[in-house]
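Note that ligands are numbered from 1 as they come in the structure, with each ligand's atoms numbered from 1 the same way. Side chains are part of it too, since the values below use all heavy atoms of this structure and drop only hydrogens, waters and symmetry mates.
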Amino acid sequence: MNALPRRRFLNTLAASAAAGTGVGWAWAAQAADSKVKPGADAALIVVDVQNCFVTGGTLPVKDGEQVVPVINKIAPMFQNIVATQDWHTAGHASFASSYGGKKPFETTTLKYGQQVLWPDHCVQGTADAELHKDLKLPTAQLIIRKGYNKGVDSYSAFMEADRKSATGLAGYLKARGIKTVFVSGLATDFCVAWTAQDARKAGFNVYVIEDACRAIDLNGSLAAAWKAMDKAGCKRIQSADIA
Ligand code: VGL
Ligand code: ZN
């Protein structure tokens, strides 16, 4: 290690200690002091960068639109790109409005377990559910939609909340020889986190690109999500770590 990269490495350690995130992540991203180069067997997954999740949408994530330029910048480094869309029916089971006396961000118990109740969002075929107009992914090969079963939510792009119904994404990626996925988009603590953990479960190497994501952070959900992703073996990196 020469002086300059070493300083960068130590700064990263200090920043991560200050943020209380521990050194595990920093070490994983910086130990070799070299960038991660996505090869032919890697895919970028762009999760739910839709009008509903940015300013002016029905379930806006704070600064959600800020992921767009970051994703546009890294997209050309990938030979394989998959985008996802949250794609709910009207009257979906994840909508607070589907229940008497429930307000958004409260929870209820459904057949498959606890469900956070959201404002109506990303209804199939509406402008709210369209991908953000500034997102530039001309080479993306697949758009996968999820959450289309009226009674079942799906934060994950791989497996619905009943933990039984597959979207088909794992099969698609495997059939195409993909071994490693890089996850970006909205929201860090819900659809990104579930997608990243399910990608590990399906046997992929997983990088989560922190600055290409923004979070909802509901009752500590962001810290819990990073902890769960770390435990699952997802590696946390920044967009600048990709070449
Ligand atoms: C999401 C809440 C509800 C997400 C989707 O994309 O993170 N969050 N539906
Ligand atoms: Zn949703």
Side-chain angles (χ1 to χ4, degrees), residues 44-68 70-71 82-99 102-108 110 112-132 135 143-163 165 167 169 181 183-199 206 208-226 228-229 234:
L44 175 65
I45 303 180
V46 179
V47 176
D48 298 2
V49 182
Q50 291 165 272
N51 294 330
C52 34
F53 297 118
V54 302
T55 305
T58 49
L59 177 41
V61 177
K62 187 174 182 292
D63 299 329
E65 56 281 356
Q66 291 181 7
V67 304
V68 173
V70 182
I71 292 169
V82 174
T84 76
Q85 280 177 298
D86 211 34
W87 199 250
H88 298 310
T89 60
H92 193 260
S94 73
F95 296 173
S97 67
S98 301
Y99 306 85
K102 284 287 185 185
K103 289 200 269 311
F105 310 108
E106 293 179 355
T107 58
T108 193
L110 297 182
Y112 52 79
Q114 228 203 22
Q115 171 70 50
V116 178
L117 296 174
W118 304 102
D120 291 23
H121 66 281
C122 293
V123 172
Q124 298 168 355
T126 63
D128 190 57
E130 285 169 16
L131 293 174
H132 192 287
L135 196 60
I143 296 176
I144 191 138
R145 291 168 166 173
K146 61 185 179 60
Y148 44 73
N149 284 319
K150 195 169 183 175
V152 187
D153 204 1
S154 191
Y155 296 145
S156 165
F158 290 92
M159 198 62 89
E160 297 186 30
D162 62 6
R163 305 279 85 198
S165 309
T167 65
L169 181 57
V181 298
V183 189
S184 63
L186 303 169
T188 321
D189 41 347
F190 288 92
C191 292
V192 167
W194 283 61
T195 296
Q197 289 172 77
D198 278 357
V206 178
V208 180
I209 312 165
E210 184 172 22
D211 61 324
C213 303
R214 290 293 183 280
I216 295 173
D217 204 7
L218 191 63
N219 306 319
S221 58
L222 181 58
W226 279 121
M229 288 190 279
C234 305

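At a 4.0 Å heavy-atom cut-off, ligand 1 does not touch Val47 at all.
With rounding to the nearest 0.5 Å, the separation of CG in Leu186 from CD in Gln50 is 9.0 Å. To the nearest 0.5 angstrom, Lys146 atom NZ is 7.5 Å from Cys122 atom SG.
Screening Glu130, Gln124, Arg145 for a side-chain hydrogen bond (donor to acceptor under 3.5 Å, both in side chains) involving Gln85 leaves a single residue, Arg145.
Using modelled atom types and a 3.5 Å distance limit, the side chains of Asn149 and Glu160 yield a donor-acceptor pair.
Distances from atom 2 (C) of ligand 1 to the heavy atoms of Phe190, Trp194, Trp118 put Trp118 nearest.
In terms of polar-atom proximity, Val192 is not counted as a contact of ligand 1, lacking any N or O under 3.5 Å from an N or O of the ligand. On a distance-only criterion, Asp153 and ligand 1 share no N/O pair closer than 3.5 Å. The N/O atoms of Leu59, backbone and side chain alike, include none that comes under 3.5 Å of an N/O atom in ligand 1.
Close contacts between ligand 1 and Asp86 involve ligand atoms 5 (C), 9 (N) [criterion: under 4.0 Å to a heavy atom]. Annotation for ligand 1: atoms under 4.0 Å from non-hydrogen atoms of Phe53 are 1 (C), 4 (C), 5 (C), 6 (O), 9 (N). Ligand-side atoms of ligand 1 in range of Leu186: 4 (C), 6 (O), 7 (O), range being under 4.0 angstrom from any heavy atom. Ligand-side atoms of ligand 1 in range of Asp48: 4 (C), 6 (O), range being under 4.0 angstrom from any heavy atom. Residue Cys191 has at least one heavy-atom neighbour below 4.0 Å for each of these atoms of ligand 1: 1 (C), 4 (C), 5 (C), 6 (O), 7 (O). Per-residue contacts place His121 under 4.0 angstrom from the following atoms of ligand 1 (heavy atoms of the residue considered): 3 (C), 9 (N).
Our summary of the site lists the angle at the Zn ion (ligand 2) between OD2 of Asp86 and NE2 of His88 as 90°, to the nearest 10 degrees.
Distances from the Zn ion (ligand 2) show that His121 has an N/O/S atom below 2.8 Å.
Ring geometry for Trp118 versus His121: interplanar angle over 60°, hence perpendicular rather than tilted (30 to 60°).
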task = Applying side chain to side chain contact (heavy atoms under 4.5 Å, CB included), run through Phe105 and Asn219 and close with a yes or a no.
result = CA-CA 10 Å; Phe105 310 108; Asn219 306 319; over 6 Å; no
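No donor-acceptor pair closer than 3.5 Å links the side chain of Gln115 to the backbone N or O of Thr108. With hydrogens and angles ignored, the 3.5 Å screen pairs a side-chain donor or acceptor of Asp189 with a backbone N or O of Ile216. Checking side-chain atoms of Asn51 against main-chain N and O of Ala127 turns up a donor-acceptor pair under 3.5 Å.
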